[in-house]
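Taking it in order: structure first as C-alpha cells, then the write-up.
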Amino acid sequence: MGARVVRAGAGSVPAVHAAVLHEYGVPRYDAFEDPVAGEGQVVVEVTATGLNPVDVSKAAGTFYAGKPPLPSIAGQEGVGRVGETDRRVYFDRPIAPYGSMAQRALVDPGSLMELPDGLDDGVAVALGVAGLAAWLALDWRAELRAGETVLVLGATGTVGQIAVQGAKLLGAGRVVAAGRNEQALRRAAELGADATVALDRGGDALTAAFRDAAGGDIDVVIDPLWGAPAAAALGALGVGGRLIQIGQSAGAEASIPSWVLRGRIAEIRGHTNFLAPDEVRRDAYRTMAEHAAAGRISVDIERFALRDVARAWERQRAGAHCKLVLVP
Ligand SMILES: NC(=O)c1ccc[n+]([C@@H]2O[C@H](COP(=O)([O-])OP(=O)(O)OC[C@H]3O[C@@H](n4cnc5c(N)ncnc54)[C@H](OP(=O)(O)O)[C@@H]3O)[C@@H](O)[C@H]2O)c1
C-alpha cells in the first residue's frame with residue numbers, strides 16, 4: 001500500500017493533517033503521507049467532511065463489511081475542489097488507506113457529484129451518506145406513490161430528518177415521525193411531520209400508537225433502527241406495505257411474526273447507498289441539492305475543526321441529533 005503516517009523530523013515527505021486510525025477505536029489528529037493520484041484516481045482538496053455512524057463502527061473494527069487497514073485515514077464522505085481547479089464536488093468513495101477526514105483525499109472519480117453554486121459545504125455533506133439513504137429509500141427502494149402514508153423511524157437522526165422532508169416532497173399524504181429524543185422529535189414536526197410518536201413503549205402498544213398517528217394503515221416505513229421499533233412498525237403496515245431497512249441503531253436483531261408479512265403481502269426491502277447505480281445516486285443528490293438550495297430541505301449541522309475529531313466522535317456516539325461536519 002505504501003502510504004504511511006509521517007513522523008516529526010521525517011524531512012521532505014509531503015504530508016496532510018488527517019484523522020488517522022492507528023488502532024481500532026477512535027482516530028487521532030496526525031500527519032499522513034500526502035496522496036498522489038494514480039491512473040483512474042483524483043485528489044480532492046477537502047473543505048468539509050461528514051461523521052456518520054458507519055465511520056464509528058468502521059473505526060471500531062465492527063462494521064459488517066470488514067475492517068479498514070491500519071494505519072489509515074478515517075471518513076467516507078466529503079466535499080471539496082478537484083485538484084487545482086474550481087470544480088466543487090461531493091465524493092463518497094475515498095481510496096484506502098486514504099479517507100475523507102484529511103486536507104486532501106484520494107478518490108474514485110466515479111463517485112464525484114457536482115455541487116450547485118451557493119450550496120453550503122455542511123449541507124452538501126449531509127445530503128450525501130445520510131441524505132441519499134433517506135431519499136433513495138423513499139424513492140428508489142420503496143417506490144413511494146403520491147398520497148401514501150409514511151412512518152419514519154429514527155426521525156430524530158439526520159437520515160430521519162431528511163426522510164421526513166423527502167417524504168413530503170415526494171408526495172406522501174401523511175408523514176409520521178418516531179424517535180426517543182423529545183426535542184429532536186419536536187424538530188421533526190417543525191420540518192413537516194404531521195404527527196409524532198415517542199419510542200417509549202414496545203410491542204402492540206407501539207403498533208397501536210403508530211396506527212393512531214397515521215390515521216390507519218401505513219404504506220411505507222423508513223427504518224434506520226431495526227430491533228423492537230421495526231417489529232412494531234411492521235405490525236402497522238397495510239396491504240402491499242414496504243419497510244425499507246437501512247440501519248440497526250436500535251438493535252441487530254428483531255423478532256417478526258410471519259403473519260405481518262404474509263397477511264398483508266408486505267415486504268421488507270434492504271437498502272445500502274453503495275449498491276445504488278451511480279446515475280440513480282446522482283439524480284437523487286441533484287434533486288435534493290435543488291430542494292436544499294431553494295430552502296425546501298433543511299438539515300441541522302454542528303461543525304468541528306478536524307483537530308477536534310475525538311470530541312466529534314464522542315458527540316456522535318452520545319447521540320448528536322444533527323449532522324456532524326469536520327472542517328480540515
Ligand atoms: N444503508 C445505508 O446506506 C445507510 C446510510 C446512512 C445511514 N445508515 C444508517 O442509518 C442509521 C441512522 O443514521 P443517521 O446518520 O441518521 O445517524 P444519527 O444522526 O446518529 O441518528 C441515529 C438515530 O438512531 C436513534 N437511536 C439510537 N439508538 C437508538 C435506540 N437504542 N433505540 C431507538 N432509536 C435509537 C437516534 O434517536 P434517539 O436519540 O431519539 O433515540 C437517532 O434517530 C444508522 O444506523 C446508520 O448506520 C445507513
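Side chains included, hydrogens not; waters and symmetry mates left out as well; all remaining heavy atoms used. Each ligand, and each atom within it, is numbered from 1 in the order the structure gives.
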Ligand 1: protein N/O within less than 3.5 Å of ligand N/O:
| unit_1 | atom_1 | unit_2 | atom_2 | d |
| --- | --- | --- | --- | --- |
| ligand 1 | 1 (N) | I246 | O | 3.0 |
| ligand 1 | 1 (N) | H271 | O | 2.9 |
| ligand 1 | 3 (O) | N273 | N | 2.9 |
| ligand 1 | 16 (O) | T158 | N | 3.1 |
| ligand 1 | 16 (O) | V159 | N | 2.9 |
| ligand 1 | 19 (O) | T158 | N | 3.0 |
| ligand 1 | 19 (O) | T158 | OG1 | 3.4 |
| ligand 1 | 20 (O) | Q316 | NE2 | 2.9 |
| ligand 1 | 28 (N) | R180 | NH2 | 3.3 |
| ligand 1 | 28 (N) | S249 | O | 3.2 |
| ligand 1 | 31 (N) | R180 | NH1 | 3.4 |
| ligand 1 | 37 (O) | T156 | OG1 | 2.8 |
| ligand 1 | 39 (O) | H321 | NE2 | 2.6 |
| ligand 1 | 40 (O) | T156 | OG1 | 2.7 |
| ligand 1 | 40 (O) | R180 | N | 3.0 |
| ligand 1 | 40 (O) | N181 | N | 2.8 |
| ligand 1 | 41 (O) | R180 | NE | 2.5 |
| ligand 1 | 41 (O) | R180 | NH2 | 3.1 |
| ligand 1 | 43 (O) | G154 | O | 3.3 |
| ligand 1 | 43 (O) | T156 | OG1 | 2.7 |
| ligand 1 | 43 (O) | G157 | N | 2.9 |
| ligand 1 | 45 (O) | S249 | OG | 3.0 |

Using the test side chain to side chain donor-acceptor pair (under 3.5 Å), find all partners of [X] that sit at least two apart in sequence or belong to another chain.
| X | value |
| --- | --- |
| R264 | none |
| E267 | R269 |
| Q41 | none |

Taking every non-hydrogen atom, the tightest pair across E33 and Y98: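 Reported closest heavy-atom pair: O-CE2, 3.1 Å.
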Please walk me through it: do D120 and I301 pass side-chain contact (heavy atoms from CB on, under 4.5 Å)? CA-CA 11 Å; D120 172 77; I301 288 166; 4.2 Å; yes
Testing D121, D117, T47 for side-chain hydrogen bond (donor to acceptor under 3.5 Å, both in side chains) with R88, which one passes?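 Single side-chain hydrogen bond (donor to acceptor under 3.5 Å, both in side chains) partner of R88 among D121, D117, T47: D121.
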